Amino acid sequence: MTEAAPRLVARDRPELILGDHGLCPGCGEPVALRILLEVLEELGIVERSIGVVGHGCYGSFVQIMDVEVLQCLHGRAPSCATGIKRVRPAAVVFTMQGDGDMVNEGLQEVLHTAARGENVTCILLNNGVFGDTGGHQTATTVVGQRTKTSLDGRDPETHGYPIPVAELVASLAGVSYVARGAVSTAGGVARTKRMLRSAFEHQLAGDGFGLVEILTMCPTGWFVPAGSGPEYLSGSLEAAYPLGELPLRGQP
Ligand SMILES: Cc1ncc(C[n+]2csc(CCOP(=O)(O)OP(=O)(O)O)c2C)c(N)n1
Ligand code: SF4
Ligand SMILES: [Mg+2]
């Protein structure tokens, strides 16, 4: 008899999840949503929280999460979060964006928001593809990764190099916390949850901008079987983007 794979998350779901998600089997984004909601619950900040969501598969979470959420134009979530936080400084404001949303469509938004030291928490769900529109290459697709628009693998000569947005943000003054986690293993889920908690604690202390990048499985966009997502993630995105809290290099 083969041993069952360990569950990534506990069986009971938080009360803040109102229904089933409609995402693909093996997708990592619902796991990220779950730990985010658990952290809001555990910190007792649900009623003060306002999320700003971009466009991607995670966009459908607005229908199942019992938290105030604004969905804004592609890539613009950090700017909308800025506005909300400035008029409602007591609110806990976070964004949820994909790599296509944050790093392709809206790179300037997150960099300027970080450089201004806005006291918000940005969450990047990085699967290395435009998942929602069919698995095309994004700015974070790693070298050699096959996508619908790089069938022979990303080639720097043709496609350029990936953009490590967490490292860029960590180089800016005004930033209080930057970390990168992954939801491909049970241990990774637990570590990533601790990162989210730290980021929100920094926001509650008024320390300035925070970013948590979460590497998530997209078996559909990667054209691999649903069960192979975690293994594929380890050999691709996780190998190229080191996990952990990043040293902040931009302090004035
Ligand atoms: C201005 C604009 N450009 C393109 C689109 C189409 N679009 C919607 S979702 C999406 C993919 C988003 O990818 P990502 O942010 O990586 O999220 P994922 O689906 O991978 O979770 C794109 C290109 C759009 N809605 N608006
Ligand atoms: S396409 Fe990828 S990111 Fe979108 S729901 Fe499916 S597995 Fe998740
Ligand atoms: Mg993506």
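This structure is a prediction, so every number in the text was calculated from the model and none was measured. FYI, the numbering just counts along the sequence from 1. Order of listing sets the numbers, starting from 1, for every ligand and every atom in it.
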One should read off an interatomic distance between F94 CZ and S49 OG, to the nearest 0.5 angstrom, of 6.0 Å

Nearest to atom 15 (O) of ligand 1, what protein heavy atom do you find, and at what distance?
D101 N, 2.8 Å

If I apply the N/O under 3.5 Å rule, does C57 come out as touching ligand 1?
yes

Are V224 and F130 connected, step by step, through hydrophobic side chains (Ile, Leu, Val, Met, Phe, Trp, Tyr) whose heavy atoms are closer than 4.5 Å?
no

Counting only heavy atoms closer than 4.0 Å, does ligand 1 sit against the backbone of H136, its side chain, both, or neither?
neither

Has E29 got a side-chain atom pairing as donor or acceptor with Y58's backbone, closer than 3.5 angstrom?
yes

CE of M102 to CD1 of I163: how many Å apart, nearest 0.5 Å?
12.5 Å

shortest atom 11 (C) of ligand 1-to-protein heavy-atom contact is with F130 CD2, 3.4 Å

What is the distance from atom CZ of F61 to atom CG of L18, rounded to the nearest 0.5 Å?
13.0 Å

Between E238 and S184, does any side-chain donor sit less than 3.5 Å from a side-chain acceptor?
yes

R249 side-chain N/O to L168 backbone N/O, donor-acceptor pair under 3.5 Å:
no

Distance from T147 atom OG1 to H136 atom NE2, nearest 0.5 Å?
8.0 Å

Looking only at protein heavy atoms, identify the closest one to atom 14 (P) of ligand 1 and say how far it is in Å.
G100 N, 3.5 Å

Classify the contact between E105 and ligand 1 as side chain, backbone, both or neither, using a heavy-atom distance cut-off of under 4.0 Å.
side chain

Nearest to atom 17 (O) of ligand 1, what protein heavy atom do you find, and at what distance?
Y58 CE2, 3.4 Å

Who's the nearest protein heavy-atom neighbour of atom 12 (C) of ligand 1, and how far?
H55 O, 3.2 Å

Give me the nearest non-hydrogen protein atom to atom 6 (C) of ligand 1 as residue plus atom name, then the distance to 0.1 Å.
T133 CG2, 4.0 Å

Metal site angle (apex the Mg ion (ligand 3)), OD1 from D99 and OD1 from N127, 10 degrees
90°

To the nearest 0.5 Å, how far apart are CG in L40 and CE in M65?
7.5 Å

At under 4.0 Å between heavy atoms, is it the side chain or the backbone of N127 that contacts ligand 1, or both, or neither?
side chain

Atoms in ligand 1 with a heavy atom of E29 nearer than 4.0 Å:
18 (P), 21 (O)

Option from Q203, H202, K85 for which side-chain hydrogen bond (donor to acceptor under 3.5 Å, both in side chains) with T121 holds:
Q203

Which one of T141, T138, T216 satisfies the side-chain hydrogen bond (donor to acceptor under 3.5 Å, both in side chains) criterion with D99?
T138

Numbered in order shown, the ligand 1 atoms found under 4.0 Å of a heavy atom of D99 are 15 (O), 16 (O)

With a cutoff of 4.0 Å, is V129 in contact with ligand 1, counting heavy atoms of the residue only?
yes

N, O or S atoms of the protein lying under 2.8 Å from atom 2 (Fe) of ligand 2:
C218 SG

Contact flag G100/the Mg ion (ligand 3), N/O/S atoms, threshold under 2.8 Å
no

Quick check against the 3.5 Å criterion: does W222 have a side-chain atom that pairs as donor or acceptor with the backbone of N127?
yes

Looking only at protein heavy atoms, which one is nearest to atom 26 (N) of ligand 1, and how far off is it?
H74 CD2, 3.3 Å

Is any side-chain N of the basic residue among E245 and R194 closer than 4.0 Å to the acidic one's carboxylate O?
no

Exam field: side chain D101 to backbone H55, donor-acceptor pair closer than 3.5 Å:
yes

Nearest neighbour in protein (non-hydrogen) for atom 20 (O) of ligand 1:
G131 N, 2.8 Å

